[in-house]
There are 2 protein chains.
Amino acid sequence: MLSKIQQEAKEVLTNYIEKNQLRKTPERFSILEMIYDTEGHFDAEQLYINIKNKSINVSRATVYNTLDVLVACELVTKHQFGSNHAVYEKAYGSRQHDHLICMECGEVFEFCDPRLHQIKQTAAELFDQKVRNHALTLYGNCQKEKCPNKKK
Amino acid sequence: MLSKIQQEAKEVLTNYIEKNQLRKTPERFSILEMIYDTEGHFDAEQLYINIKNKSINVSRATVYNTLDVLVACELVTKHQFGSNHAVYEKAYGSRQHDHLICMECGEVFEFCDPRLHQIKQTAAELFDQKVRNHALTLYGNCQKEKCPNKKK
DNA sequence: CTCGGTGCAAAGCTTTTGCATCCGC
DNA sequence: GCGGATGCAAAAGCTTTGCACCGAG
């Protein structure tokens, strides 16, 4: 059974599809459901594998296409943490947040700072732009004996 | 003839090479010089082409390898604006800054906001990490008839 | 019935890798 | 000379594309 968040996400997608005259294909809703069953970050390939494992027949092309749609309707956020490897996460029902990545072990921390909103406003005024979105990632190193899973 | 900035950048690289027991290969210095002759952002392929055009024989592998070295010694900054396409820019002698990208025309604005430093400090304390670096990119749309070179 | 969306596989693009050679130290 | 660095080309990895087919509206 679907959670409240999942149902609401489904509505958002439905509205977006109707407003933009796209088609309500079962694949799009299967993928959305799969994403909202996933905690934390994931990449396109993992999503593809997870869906295949549920014996749902989708192609990589459809996964990528659908991810674009979901990013466009703001149900999913796309991050470019490393090179050449986009990671995604569900956006609806989650607080907007940014990331701090430990370069020692790769652990990802999430945080939220209201001052960022002020920065966005200031920049928007300065360049006469409407700022729709942002990506802030901090790169750090642990201080102590934490970071149990050091990379190499 | 070399500018003051170029000479200082060269010294930074020399120091880094000596400290880390790397080798002072002519390729590394050619690439550094090429980068410091370049204004604004560039990608690995463009850099490779520019160097080839000066009839200096380097391979892509060396370009990528050297970019890594230059990023490590903080002479060059690497950005992941879009998917699958890293762009770089020289870092030495330039003010630390962040970017606002217009999604209409792709134009890149640069700005600097001291409040970001406070955000970094707060996050560092919160997760007991030492924050070495950050990447902040805002995504916007123009408001008016600016943005002459709209994409499509 | 139309044509947007899909599946599949192949192509595309940036980046990395293997290996023989080269040259800084 | 030793071993890191390079050049070349091939391989890898993520993402996109071409094409025929399917199915939502």
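Every chain is numbered from 1 and lettered A, B, ... according to where its sequence line falls, protein lines coming before strand lines.
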Check your understanding: Please give, in whole Å, the distance from C/dT6 C1' to A/D68 CG?
Key -> 15 Å
Review point. Just by distance, with hydrogens left out, do A/N50 and A/Q46 show a side-chain donor and acceptor under 3.5 Å apart?
Key: yes
Exercise for review: Check B/V69, B/V63, B/L67 against B/N65 for a side-chain contact (heavy atoms from CB on, under 4.5 Å) and give me the one that passes.
Suggested key: B/V69
Exercise for review: Using whole Å, report how far CD of A/E27 lies from C1' of D/dC21.
Suggested key: 13 Å
Review point. Can a donor-acceptor pair be found between the side chains of A/Q6 and A/D37 at a distance below 3.5 Å?
Key: yes
Point to revise | Expected output: side-chain B/K120 to main-chain B/V131 donor-acceptor under 3.5 Å | key: no
Practice item. Report which part of the nucleic acid B/K52 touches: base, sugar-phosphate, or nothing (heavy-atom distance under 4.0 Å, all strands). Key: sugar-phosphate
Practice item. Look at B/T62 and D/dG7 and indicate whether a side-chain polar atom (N or O) is within less than 4.0 Å of OP1 or OP2. Key: yes
Point to revise | is_close_aromatic(A/F111, A/H99), centroid dist under 6.0 Å | key: no
Check your understanding: Atom CZ of B/R60 and atom P of C/dG18: how far apart are they, to the nearest Å?
Key -> 19 Å
Review point. Choosing from D/dA5, C/dG5, C/dT14, which nucleotide comes nearest the side chain of A/T25?
Key: C/dG5
Practice item. Round to the nearest Å and state the distance from A/Q80 atom CD to D/dC14 atom C1'. Key: 10 Å
Study note, to complete from the structure: Atom NE2 of B/H85 and atom P of C/dC13 are separated, to the nearest Å, by 11 Å
Practice item. Would you mind classifying the nucleic acid contact of B/N57 as base, sugar-phosphate or nothing, using non-hydrogen atoms under 4.0 angstrom? Key: sugar-phosphate
Point to revise | First encountered from the 5' end of DNA chain C, between B/I17 and B/D43 | key: B/D43
Study note, to complete from the structure: Of the listed C/dT14, D/dG7, D/dA24, the closest approach to the B/Y64 side chain comes from C/dT14
Review point. Where the side chain of A/A86 is concerned, which of D/dT15, C/dT6, D/dT17 is the nearest nucleotide?
Key: D/dT15
**Study point:** Length of the line joining A/N65:CG and C/dG7:P, which is rounded to integer Å
**Key:** 10 Å
**Study point:** Closest to side chain of B/P26, choosing from D/dT16, D/dT6, C/dG24
**Key:** C/dG24
Review point. Per the atom types in the model, does the base of D/dG25 pair as donor or acceptor with the side chain of A/R23 at under 3.5 Å?
Key: no
**Study point:** For atom CG of B/L22 and atom P of C/dC23, their distance in whole Å
**Key:** 19 Å
Review point. Taking atom C1' of C/dG24 as reference, at what distance in whole Å does atom CG of B/N20 sit?
Key: 16 Å
Study note, to complete from the structure: The nucleotide from D/dT15, C/dG7, D/dT6 with an atom nearest the side chain of B/R28 is D/dT6
Practice item. Among D/dA5, C/dC8, D/dG7, find the nucleotide with the atom closest to the side chain of A/S59. Key: C/dC8
